[in-house]
Amino acid sequence: MLALQDTKLQNAVADRLMSEKSFDYSRGFDSEIVFESYGVRVKIQATDPELLAEAKRTVKKALLDRVKILDSKDADHTFGFAMDEDGTRFLFLNGEQISHDSRRKRFF
């Protein structure tokens with residue numbers, strides 16, 4: 001009985017891993033900005049200017065427009081935004097994918 005439960009658990013984990021979608025961003029991020037807010041420097045990167053503009057609007061709204069755009073490339077944290085051919089958006093934190101979603105409203 002226990003072996004059967006272990007097999008079911010292994011299968012469930014395998015199914016979950018297979019359903020995870022990942023994005024190969026080997027071409028790199030084409031656009032980026034660095035901003036400071038509340039003493040923290042953050043870099044936002046995107047695979048295209050439209051995604052960057054959308055991320056920038058969201059940042060300004062979420063941080064009550066208390067954002068200062070910097071010329072520096074140094075940042076404490078880096079967020080990356082990418083979108084594949086199917087319209088799925090991907091979010092990266094310091095180079096590691098942390099989320100994805102096909103619905104823009106849920107993503108931003």
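The shown structure was predicted, so the numbers you read here are calculated from the model rather than taken from an experiment.
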**Item:** Residue pair Q45, T78: steps toward the side chain to side chain contact (heavy atoms under 4.5 Å, CB included) verdict
**Value:** CA-CA 7 Å; Q45 300 174 316; T78 301; 3.4 Å; yes

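- In plain terms, the two heavy atoms of E32 and L52 that are nearest each other are N-CD2, 3.8 Å.
- From F29, atom CZ reaches atom CZ of F92 across 5.0 Å, with rounding to the nearest 0.5 Å.
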**Prompt:** Which is it for Q97 and L91 under the side chain to side chain contact (heavy atoms under 4.5 Å, CB included) test, yes or no, and what are the steps along the way?
**Reply:** CA-CA 6 Å; Q97 181 180 322; L91 175 62; over 6 Å; no

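- A pairwise comparison of heavy atoms in L51 and D48 identifies N-OD1, 2.9 Å as the closest pair.
- Here the side chain of K43 pairs a donor or acceptor atom with the backbone of K73 at under 3.5 angstrom.
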**Asked** Does the pair R57 and E54 meet the rule for a side chain to side chain contact (heavy atoms under 4.5 Å, CB included), with working shown?
**Response** CA-CA 5 Å; R57 283 190 300 273; E54 194 164 10; 3.6 Å; yes

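- To the nearest 0.5 angstrom, R66 atom CZ is 14.0 Å from E36 atom CD.
- How far NZ of K68 is from CG of L63: 15.5 Å, rounded to the nearest 0.5 Å.
- For T88, the side chain to side chain donor-acceptor pair (under 3.5 Å) partners are K21, not counting sequence neighbours.
- Rounding to the nearest 0.5 Å places CZ of F81 at 10.0 Å from OG of S99.
- Under a 3.5 Å cut-off, the side chain of D76 and the backbone N or O of R41 do form a donor-acceptor pair.
- With sequence neighbours excluded, the residues that form a ring pair (Phe, Tyr, Trp, His ring centres under 6.0 Å) with F90 are F23, H100.
- Across all non-hydrogen atoms, the minimal contact from R89 to R103 is NH1-C, 4.4 Å.
- L93 and I44 fall within the same hydrophobic cluster, where Ile, Leu, Val, Met, Phe, Trp and Tyr residues are linked whenever their side-chain heavy atoms come under 4.5 Å apart, directly or through other members.
- When all heavy atoms are compared, the tightest approach of V59 to V67 is CG1-CG2, 3.9 Å.
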**Request:** Kindly indicate, with the supporting measurements, whether the criterion side chain to side chain contact (heavy atoms under 4.5 Å, CB included) is fulfilled by I69 and V34.
**Result:** CA-CA 6 Å; I69 304 298; V34 176; over 6 Å; no

